[in-house]
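Counting begins at 1 with the first residue of the sequence. Remember, it's a predicted structure, so these values are computed and weren't measured experimentally.
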Amino acid sequence: PADEPRFALIAKEMVESGQWLFPMRGGEIYPDKPPMFMWGIALGYLLTGSIKVAFLLPSLLAGLLTITLVWDMGRRLWNPSVGFLAGLLLLFTLQFTLQAKTAQIDALVTFFVTLGVYGDGDIPTWNDSVRGASREQVRGITSLAVAESAPLVALRRRELTPRVTA
């Protein structure tokens, strides 16, 4: 997909310029996508030194963590076999696996939504460490998914909304 090289170059520019707060492309602010995914690529680039490896890491890690959360929810709600099958079914779901192996934001969004469900704490078999998550913490986790998927909506809406004059 066309987004992959763009995200990789933006992350590389973050590392090289030291400008991590706002994603830049060719010296101009890139408001089309939120920075969290590109921060992950940039961090991977710092750790590995290879942009070819780094741009795949955030989606891969998000995918693996999502599978782990689904496995644990299935294990806690039913039994270890159900948890294993749930994780396996998710792994072999075509679209999920495709998104987890490409440098796309979708896997990160899926992870944060799953983490929000996991942290909800209404599942009766959760131990106190999971059940102790407050509603505000769960809302905060889930809002990361919204923030990651809704790119600077207010700014973009203002730019794209036609002005009506009388």
E4 to A103 - nearest heavy-atom pair and separation: OE2-N, 3.0 Å
Do V70 and L88 share a hydrophobic cluster, counting only Ile, Leu, Val, Met, Phe, Trp and Tyr and linking them when any side-chain heavy atoms are less than 4.5 Å apart? yes
In short, T48 meets A54 closest at the heavy-atom pair OG1-CB, 4.1 Å
The test is side-chain contact (heavy atoms from CB on, under 4.5 Å); show your working for K101 and L56 and say whether it passes. CA-CA 7 Å; K101 73 181 203 87; L56 296 172; over 6 Å; no
Of all heavy-atom pairs linking Q104 and S59, the shortest is O-OG, 2.9 Å
I need the I105 CD1 to M38 CE distance, nearest 0.5 Å. 5.5 Å
With sequence neighbours excluded, residues passing ring-ring contact (aromatic ring centres under 6.0 Å, His included) with F7: F37
Test: R75 cationic atom under 6.0 Å from W78 six-membered ring centre, within 45° of axis: no
State whether the number of non-hydrogen atoms from other residues, nucleotides or ligands found under 6.0 Å of E28 atom CD is greater than 12. no
Do the side chains of L90 and L85 join up, straight or via other hydrophobic residues, at under 4.5 Å, putting them in one cluster? no
Taking L57 as the starting point, is it possible to reach F112 by hopping between hydrophobic residues whose side chains are less than 4.5 Å apart? no
Taking W39 for the side chain and W20 for the main chain, is one N or O donor matched with an acceptor at less than 3.5 Å? yes
Whether T93 side chain and Q95 backbone form a donor-acceptor pair below 3.5 Å: no
Within-4.5 Å side-chain heavy-atom neighbours: T66 and V113: no
With rounding to the nearest 0.5 angstrom, report the CG to CZ distance, D3 to F55. 12.0 Å
Just how far is it from atom CG of L115 to atom CG of L69, taken to the nearest 0.5 Å? 6.0 Å
Could you pull out the closest heavy-atom pair between N79 and S81, with the gap in Å? OD1-N, 3.0 Å
Going by side chain to side chain contact (heavy atoms under 4.5 Å, CB included), M73 matches just one of V82, T114, T68. Which one? T114
What are the two closest non-hydrogen atoms of E13 and G26, and how far apart are they? OE1-N, 3.2 Å
Using the side chain to side chain contact (heavy atoms under 4.5 Å, CB included) definition, which of the options L65, L64, L61 pairs with F111? L65
Would you give the length of the straight line joining atom CZ of F92 to atom CD1 of I67, rounded to the nearest 0.5 angstrom? 9.0 Å
Hey, does L91 have a side-chain heavy atom less than 4.5 Å from the side chain of F96? no
Residue pair E16, Y45: steps toward the side-chain contact (heavy atoms from CB on, under 4.5 Å) verdict: CA-CA 10 Å; E16 291 172 353; Y45 181 54; 4.1 Å; yes
Members sharing L47's hydrophobic cluster, built from side-chain contacts under 4.5 Å between Ile, Leu, Val, Met, Phe, Trp and Tyr, are L43
When Ile, Leu, Val, Met, Phe, Trp and Tyr are grouped by side-chain heavy atoms lying under 4.5 Å apart, directly or through other members, which residues fall in the same group as L98? L94
In short, P58 meets G40 closest at the heavy-atom pair CG-C, 3.5 Å
hydrophobic_cluster_shared for L9 and I41, side chain cutoff 4.5 Å: no
Can you tell me how far the CZ atom of R6 sits from the CG atom of D32, to the nearest 0.5 Å? 7.0 Å
Treating Q19 as the side-chain partner and M24 as the backbone partner, does any N or O pair qualify as donor plus acceptor under 3.5 Å? no
